[in-house]
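Working notes, structure below.
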Amino acid sequence: MKNTFDVAVFEGDGIGPEIIRPTLDILADLAVQGGYGLNFIGCAAGAAHYANTGHSLPDTSMQIARGADAILLSAMGLPSVRYPDGTEISPQIDLRKALNLFAGVRPVRIFPGQKTPLNLPDDKPVDFVLIRESTEGLFHTQGCGEVTENEARETLLITRKTSELLFKFAFDMARTRKDTGRGPGHVTCVDKANVFRAFAFFREIFDKEATQHPDLTSDHAYVDATALWFVQKPWDFDVLVTENMFGDILSDLGAGLMGGLGVAPSADIGLDHAVFQPCHGSAPDIAGQGVANPFAMILSGAMMLDWLGTRYDNAALGADGVRLRAATEAAIAQGGALTRDLGGAATTDQAADAVRAALRAV
Ligand code: ATP
């Protein structure tokens, strides 16, 4: 059984290095205790690297990422550093396309003790996963849309091949959640099939995939209604799957429900590679102060352990993924070491220490 894993690490820009450092320390400790190896390989990339060298994602970093078992990526990009066409440096999007990471996994969990803007009934825990297609949709012409003096045009692309992979991934995830007692085994296709032919096509492919999974249930929802239900009855969802731009917007809404971007982890997963990174950006307004919230980064590390454990059938990693998530959620719920974005006054290191303390108890 494979027991040592190469992890390509992109520390990123702004608060990126500040939140990835304690995350790597925690992961390294878990690996020692769990008897497996995590070999972290630093990779240069990002806005600061572009400013210094003219390259945002060097070939050497891309090669390391391709050869690694998993990729851990912190926040990237800086509003002050841009390409000549005015767009921001975003190697994370380049990686998604180059490695065909079609499934953007955005878990939304609200557990007892967690601050949320919602007034939730006690008996309605929120635990669902939004899967955002991450390589096509309205991002297809990203960076090369047509703009004339009087018109601007971008093209939405939905392909049968990617949609089939995406929907299979969504149903497989619903089955795993059902088997581990986390959901009823239900997948919702979020679209706008009542208005756009492209989404009727998307939905038709979804329905075909649904027939392959008679042990699971499925339905459809329009994206506008879904935004409403995120707020009104988020406990009703299990697995949702949607187009790139719809998913981009809904995932920030999901982060808002959880109390903010600082607690929202994510993964971008393909057939052969996966990137794990927090949903938030590089927060340049607070960079260098030691007050960034590390929880989303640490939770992304937990998702990496889950994924490696499943992919390589390594129970120790899978168990540590569950433990690390439980410990981070316990640290958030206890509330004694919350950073400023969550209403507390803790530093990044104090928040990470709270996770370490909680790990000793789970
Ligand atoms: P991007 O477009 O690159 O995702 P963004 O424009 O959404 O970035 P962020 O960098 O995510 O912006 O920051 C948005 C706000 O959230 C900022 O005020 C920032 O300080 C805050 N923020 C983001 N991440 C964190 C964090 N981990 N800890 C504390 N505050 C954060």
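Atoms within each ligand, like the ligands themselves, are counted from 1 in listed order.
- Side chain of Asp248 to backbone of Asn244: no donor-acceptor contact under 3.5 angstrom is found.
- Here the closest non-hydrogen pair linking Gln277 and Ser266 is O-OG, 2.7 Å.
- At under 3.5 Å, not a single nitrogen or oxygen of Cys279, backbone or side chain, sits near a nitrogen or oxygen of ligand 1.
- Close contacts of ligand 1 with Ala283, meaning ligand atoms under 4.0 Å from a residue heavy atom, involve 10 (O), 19 (C), 20 (O), 22 (N), 23 (C).
- Applying side-chain contact (heavy atoms from CB on, under 4.5 Å) to Asp238 and the options Met173, His186, Lys178 leaves one that passes, His186.
- Among the atoms of Glu88, none of the N or O lies under 3.5 angstrom from an N or O of ligand 1.
- Close approach to Gly281 involves these atoms of ligand 1, each under 4.0 Å from a residue heavy atom: 1 (P), 3 (O), 4 (O), 8 (O), 9 (P), 10 (O), 11 (O).
- At a 4.0 Å cut-off, at least one heavy atom of Ser282 sits close enough to ligand 1 to count as contact.
- Shown in contact with Leu261 at under 4.0 Å from a heavy atom are these atoms of ligand 1, numbered in order with element: 11 (O).
- Judged by the 6.0 Å and 45° rule, Arg132 forms a cation-pi pair with Phe139.
- If you look at Asp341 next to ligand 1, the close heavy atoms, those under 4.0 Å, all belong to the side chain.
- Residues Phe201 and Phe196 keep their aromatic ring centres 6.0 Å or farther apart.
- For Thr339, the closest heavy-atom approach to ligand 1 does not fall below 4.0 Å.
- Polar contact with ligand 1: absent for Val291 (N/O pair, distance under 3.5 Å).
- Counting only heavy atoms, the protein never gets under 4.0 Å from atom 5 (P) of ligand 1.
- There is no protein heavy atom closer than 4.0 angstrom to atom 16 (O) of ligand 1.
- Results of the side-chain contact (heavy atoms from CB on, under 4.5 Å) test with Leu240 over Val108, Val223, Val190 single out Val190 as the only residue that passes.
- Between Val291 and Glu18, the shortest heavy-atom contact is N-OE1, 4.3 Å.
- Looking at Pro265 and Pro278, their side chains never come closer than 4.5 Å, going by heavy atoms from C-beta outward.
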